[in-house]
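Notes for the one structure printed next.
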Amino acid sequence: MNAAIENDTLTKLVALCKRRGFIFQSSEIYGGINGFWDYGPLGVAMRRAVEQAWWRYMVEQRDNVEGLDSTIICHPRVWKASGHLDKFSDLMVDCMDCKKRFREDQLATPGECPACGSKRLTEPREFNLMMKTFVGPVFDDEHVAWLRAETCQPIFVDFDQVRVAARQKLPFGIAQVGKAFRNEINPRFFTFRSREFVQMEMEFFCRDDESMTWYEYWREERWKFYTEVLRLPADRLQLHPHDKLAHYAKAAVDIEFAFPFGWGELEGIHHRGTWDMQRHSEFCGEPQTYFDQERNEHYLPTVVETSCGLDRICLALLCNAYDEDTAPTKKEGMDEDTRVVLHLPAAVAPVQVAVLPLSRKLEEPSEALYRDLKRSLRADYDVTGNIGKRYRRQDEIGTPFCVTVDFETANDQAVTVRDRDAMTQERIGLGQLKAYLLERLL
Ligand code: ATP
């Protein structure tokens with residue numbers, strides 16, 4: 001696809017997300033607020049499903065990863081120790097003609113350079129991305145606190161608490177999902193670069209001489225998550241090793257997705273050495289070491305991190321799922337019509353099955369069926385409009401299966417199951433329906 005068509009896909013997707021209540025601007029009635037997005041009923045269902053898939057894969061299915069849910073605001077020294085207060089900044093330039101603001105390192109990227117064509121830019125200035133607030137009733141320097149810019153720092157700070165409570169030995173990991181805040185200079189590409197977003201991070205603590213083996217292990221595991229759990233096509237994903245490494249790191253790689261606007265980072269897998277544990281040891285005054293009983297030695301754990309953005313993953317899934325094809329229609333003078341369809345994997349589709357009575361006279365048995373399916377699946381019920389229209393509505397939000405109850409159902413105790421992707425219809429006995437769906441949905 002050429003760039004214009006691809007960008008057209010993003011424009012259409014943004015419109016669809018708003019119309020159907022996946023994602024829309026925060027505080028829209030006040031004109032919106034740049035870089036902040038709200039997830040409506042369908043968006044939140046999908047985002048929770050992706051988060052759950054990650055949690056299940058990273059925490060619940062493993063013995064060596066523990067969960068944590070820390071606060072968004074922590075002691076301000078955490079951010080001094082992590083280096084965020086001194087170094088977490090981008091270089092910012094202003095266009096003297098159109099007055100827009102840009103990130104200096106992205107000026108060469110198409111779409112980032114001043115659209116007005118001006119070359120009159122201010123000298124680059126440092127701009128810290130941390131969001132500031134105050135804790136307590138006095139708004140002075142002593143009461144300043146920061147909204148976390150990443151979810152991993154509290155993991156380092158809580159390392160020993162979690163280790164002791166969970167009776168873990170090294171190597172083991174701690175995972176957390178939660179909000180992170182960055183005062184991005186130029187929020188853009190829908191939710192891709194937001195100022196408030198959700199991160200899903202896992203910090204794996206190990207011995208330094210085993211750390212590269214773990215780094216490689218986690219790189220493989222994370223690739224499998226995208227290709228096997230979320231079923232993103234491998235040819236739309238790439239591993240991008242970092243050209244420059246932090247002085248303490250042995251390796252770092254990003255997993256990128258081919259968005260309509262170009263390759264964009266979904267996740268970073270970073271070897272962080274002992275940097276974090278060393279810094280927190282210095283700043284809190286207590287060595288954050290681990291005592292290895294078998295070796296009878298104390299050492300600082302080396303950390304391998306997997307860090308991804310939930311909003312970016314949802315955006316990648318939506319971009320990958322968006323499609324327009326043709327479907328039969330009963331519209332006058334037409335056999336086929338364009339249909340918009342989201343080919344979302346069933347595990348993360350906001351609605352997994354929709355129950356559609358062919359007529360209002362069939363509402364009673366249909367509703368009973370819907371209530372029953374809703375106990376184990378994300379189910380929807382729709383009785384308005386002709387059946388073709390109802391299929392279109394479900395296709396557009398990515399519902400993998402529609403179940404139609406018709407006048408035969410009472411006689412043959414069966415319903416018609418229509419598949420979103422193949423658009424085939426199959427008659428399935430009511431007794432087998434749930435098993436049929438579960439087998440295809442999970
Ligand atoms: P970028 O270079 O795109 O700014 P980053 O390298 O600063 O990203 P990290 O600090 O490694 O990102 O954060 C880990 C993950 O958090 C990213 O891979 C991304 O998925 C997500 N993320 C980071 N910044 C944002 C943002 N502004 N909006 C949405 N997600 C983000």
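Just so you know, ligand 1 is whichever comes first in the structure, and atom 1 is the first atom listed for that ligand. Residue indices begin at 1 and follow the sequence shown.
Ranking protein heavy atoms by distance to atom 28 (N) of ligand 1, first place goes to S194 N, 3.0 Å. Closest to atom 21 (C) of ligand 1, if we only count protein heavy atoms, is G309 CA, 3.7 Å. With respect to atom 14 (C) of ligand 1, the closest heavy atom belonging to the protein is S307 OG, 3.0 Å. In terms of protein heavy atoms, atom 29 (C) of ligand 1 is closest to F192 O, 3.1 Å. Residue, atom and distance of the protein heavy atom nearest to atom 23 (C) of ligand 1 are R182 NH1, 3.5 Å.
Relative to the six-membered ring of Y391, R418 meets both conditions, a distance below 6.0 Å and an angle of at most 45° to the axis. For the pair R272 and F204, the cation-pi test (distance below 6.0 Å, angle within 45°) is failed. For the pair R188 and F192, the cation does not sit on the ring face, since its NZ or CZ is not both under 6.0 Å from the ring centre and inside 45° of the axis.
Ligand 1 has no nitrogen or oxygen under 3.5 angstrom from a nitrogen or oxygen of C308. The shortest N/O to N/O separation between R312 and ligand 1 falls below 3.5 Å. Annotation: Q199 places an N or O atom under 3.5 Å from an N or O atom of ligand 1; distance criterion only.
For D311, no heavy-atom contact with ligand 1 is shorter than 4.0 Å.
Distances from atom 31 (C) of ligand 1 to the heavy atoms of W37, F257, F197 put F197 nearest. The option from E184, E265, R193 that lies nearest to atom 3 (O) of ligand 1, judged by heavy atoms, is R193.
For residues 261-270, every residue pair satisfying the salt bridge (Lys or Arg N to Asp or Glu O under 4.0 Å) rule, not counting sequence neighbours, is listed here: R222-E267.
Residues that satisfy the salt bridge (charged side-chain N to carboxylate O under 4.0 Å, His left out) test with R20, not counting sequence neighbours, are E396.
With S307 as reference, Q199 is the one residue of E203, M200, Q199, E150 to meet the side-chain contact (heavy atoms from CB on, under 4.5 Å) rule.
Classification of the H298-F291 ring pair by plane angle, with boundaries at 30° and 60°, yields tilted.
For D382 and K389, the salt-bridge test fails: no basic side-chain N is under 4.0 Å from an acidic carboxylate O.
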